[in-house]
Amino acid sequence: MPNQVTRRIFDFLKDIPPFTFVDSEEALMKIAERAEVEYLPPGTVIFRPGDPPLDRFYIVKEGAIDLLRLVGTEEQLVERCGEGESFGLRPLLAEDNHLFLARSAEESLVYAINTEGFKNLLNNFPALTQYLAVSMAGSNRYTMAPPAPTTSTTAEVPLVTSLLESQRLERSRLPITCQTTARIIDAAKLMTEHNVGSIVVVDPAGHPVGIITDRDFRQKVATGVRSPKDKVGTIMGKPVVCISRDKTAADVQIMMVRKKVNHLVQTEDGTDKSRITGVVSKHDLLVIQGNNPAVLIREIGRAKSAGYLRTLRERAEKMLATYLGQEISISFITTVMTQLNDEIIRTCMKLSLARMQAEGKGNPPAPFDWLALGSQGRGEQLLRTDQDNALIFEDVAPARYNAVKDYFLQLAGYVTEFLHQVGFKYCPADMMASNPKWCMPVSQWKQQFSHWMAENTAENLLNISIFFDFRGVWGDGSLPAKLTKHIFQELEGGRDRFLASLAQSALDNPSPLTFFRNFVVERSGENKDQFDLKRRVMRPLTDAARVLTLKAQIGSVNNTFRRYEALAKLEPQNAELYREAAQAYELLIRLRATIGLQRNDSGRYLKPKELSSTQRLLLRNSFTPVKEIQSLLELRFQLTFLR
Amino acid sequence: MKKESWLNKIWGYLPGRYTPDRAEWPEWYTSYADASAADRPPGKSLLSSARILVIDAETTGLDYRKDRLISLGGLRLSGSTIYVADHFEAYLPTPTELSAESAVSIHGIVPNSSRYVYDTEAELLRRLLLFLGPQGIIVGHHIGFDVAMINMALGRQGAGPLLNKVVDTGGLAERLQPAGYWTPPEKFSLDNLARRYRIPLSDRHTALGDAYITAVLWLKLTARLSDKLGRELTVEDVAG
């Protein structure tokens, strides 16, 4: 029986990479038995650059070890290894001298693992070898990430969606057919009789030769181009696009997009040289794909109650879970989810306007726009988080002002109430259009933004981080642009101090790398001992993207990925870093949504222990771009002088 | 520590304690005592090069005259490394007249359970002296009691007492943070010190588990003492 101390070491090792890949208790126990425990007071040097490989490598049990690169007399922090992380392994495997200086950053306990015993494992556990090879390669810090799907453009959208639908289309509609000799009027009668939108024209052998749809009647018969007494051959589309019966919904949809048709004919062998067996229309596909975003958006638009909207949003979340599980690109997922959320807002707006009408309050007394703020404004919201919104209306004569504002406040009150019922909770800080402070005419909004840009208090900077990412979702559509124009006019007037303060606030959440162990957990409050994903890593990235695009005078881009994309084009010398930042941000959105769906909350706070070791590794890797982006801000805005 | 060497001297004079003559010693004790006389670690040598043995005893109770050892765990340290592979672990059967004691609820060792391999008392002591060696410095928490228990056992086997230098981590902690007259005595208990120095309390009340906690405590305390003195520690800094 192993002793308790060895058992503890074993228990610790079995949950952390690379030992997770040793799936034999016996083999791992042997490693644990040979382990030694080393105590390192702060500042203890473990190895130096140029040292030959030791007979051991290390796992941090407690504390933190810095790996430093020496450049002349200067030390550069390469990595801070926290609890459960290993170091000193590379030289052993590469049979190479140490490259870095390893030194304890704080009082630490490390497990020293004997290399000889460890090397023996490599032959028996291929997954272990593979993992080590990947992490040793070290060229790409995202190597542990699942293979990145290709970036989707708008044109690809339906394709990607359809790939989710792999069920086979075995039962398609029984085809309604007519012979080539039939007249147009006969075909129309048949279609009406069977209540279908298309009819297939077949030759005597039952092979399809053409297809007639409702659209052909509209375009060619109703316009008088053809007489109803003409033969069907004069209006039918040909050749027909055929598929075989074993194709899936995905195949069908791809085919429809490629051939630009709305109907496909199923035949025995998939060509038009065999008998027809069925017909599939675009509409049939939509019915099959219950959780297709297009269907959901249409349903949302038709919804008549907040309760049904809530159901639809829950269906959207199921779809989101599938997407996340299938490693579909985050830019595609955020696009779809943003459209869904926008449609929900629009429907809530329609319901609210109807309610105002019903109460005799009439139509909106002035042009207005509903603004989504924060993550929904940036088009990055996946889960139902708190609402952040505002309302902007056209300036009106002072005499009418109070009445107009009252109308919009009441309207906004209804909209936020509907949204709350759908599952978007009220904003605890009351950053909602129903708050008189955030329901204003254009001129007052302009003043408000000028004020925020002039007086750079902490509160104002926080407001900027939320309000500057506004996006019009419903309404006249012209008012948000007025605000954007105003902001850039203000910037032209020389607002270096404003930008510097904004950059400074992006640094207020120091990179989690500089702290104890892997993660900086919250020290107090209800989220004590949890890692604040939003505050610690996501906000620094969005804040940095915002201030950099403002500085570069790139207007109208208010999505974090696209901001980094635009910046990468503008500054090729920093393109690599910007791409990494965007990649890290994608990863964080994915992680947050995955965790949020698991727990049915916003996914903002993480318990480091509930993450898998891969998730932890990915999360920690994302800290590096955060830190680098922050250094870039410091340099660009010369913030070291402000500190 | 002073207290321990003082205790060691007193044991010999306690009434009822029988100190066997050299002629009666078992062979394994004679060789230990001879090596010890020939080869004492010099006080000026560096503590980091000394052989440190952290030990912990589980007993049937707290009365060293009546109670017996039931298990003994030890870990070897050198410098700042705990050599887990080089550990000592041994169990003794519980004497029947002591088996119904409440201490079972503390250490969780069921008397005479078939889970353990039992040694005889003489075999345990022989192995222990080999593990300690003449040069080893014994470290333990409130180690005076453990040493007294071992010495009683040695006496029963016709051997003399332990001759190693002994350091109490409790005394060491007090030296780093002297107790005031208001200090409750439990302030220097293993539990409180482990909490204070952030050592996880897993496997508490197993001989080897406690030895491990004590070993980490020893490393943390000596690092602090070295800091306080501003130099590397020598053997006589802790074991005078």
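Computed from a predicted model, the values in this text were never measured in an experiment. So that the names make sense, note that chain A is the first sequence line, chain B the second, and so on, each numbered from 1.
- Of the two parts of L109(A), only the side chain, counted from C-beta on, holds a non-hydrogen atom closer than 4.5 Å to a non-hydrogen atom of chain B.
- Residue T81(B) holds its OG1 atom at 6.0 Å from CZ of R56(A), rounded to the nearest 0.5 Å.
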**Item:** Trace of the side-chain contact (heavy atoms from CB on, under 4.5 Å) decision for Q4(A) with H87(B)
**Value:** CA-CA 11 Å; Q4(A) 296 94 336; H87(B) 66 277; over 6 Å; no
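- Closest approach of V84(B) and I9(A) over heavy atoms only: CG2-CD1, 4.0 Å.
- Scanning residues 49-56 of chain B against chain A with a 4.5 Å heavy-atom cutoff picks out nothing at all.
- Heavy-atom proximity under 4.5 angstrom to chain A picks out nothing from residues 125-133 of chain B.
- Annotation: R599(A), atom CZ; neighbour count of heavy atoms from other residues, nucleotides and ligands within 6.0 Å is above 12.
- From E38(A), atom CD reaches atom OH of Y83(B) across 7.0 Å, with rounding to the nearest 0.5 Å.
- In this structure, Y212(B) and V37(A) have side chains that are in contact, with non-hydrogen atoms separated by less than 4.5 Å.
- In this structure, CD on E107(A) lies 9.5 Å from CG on L219(B), to the nearest 0.5 angstrom.
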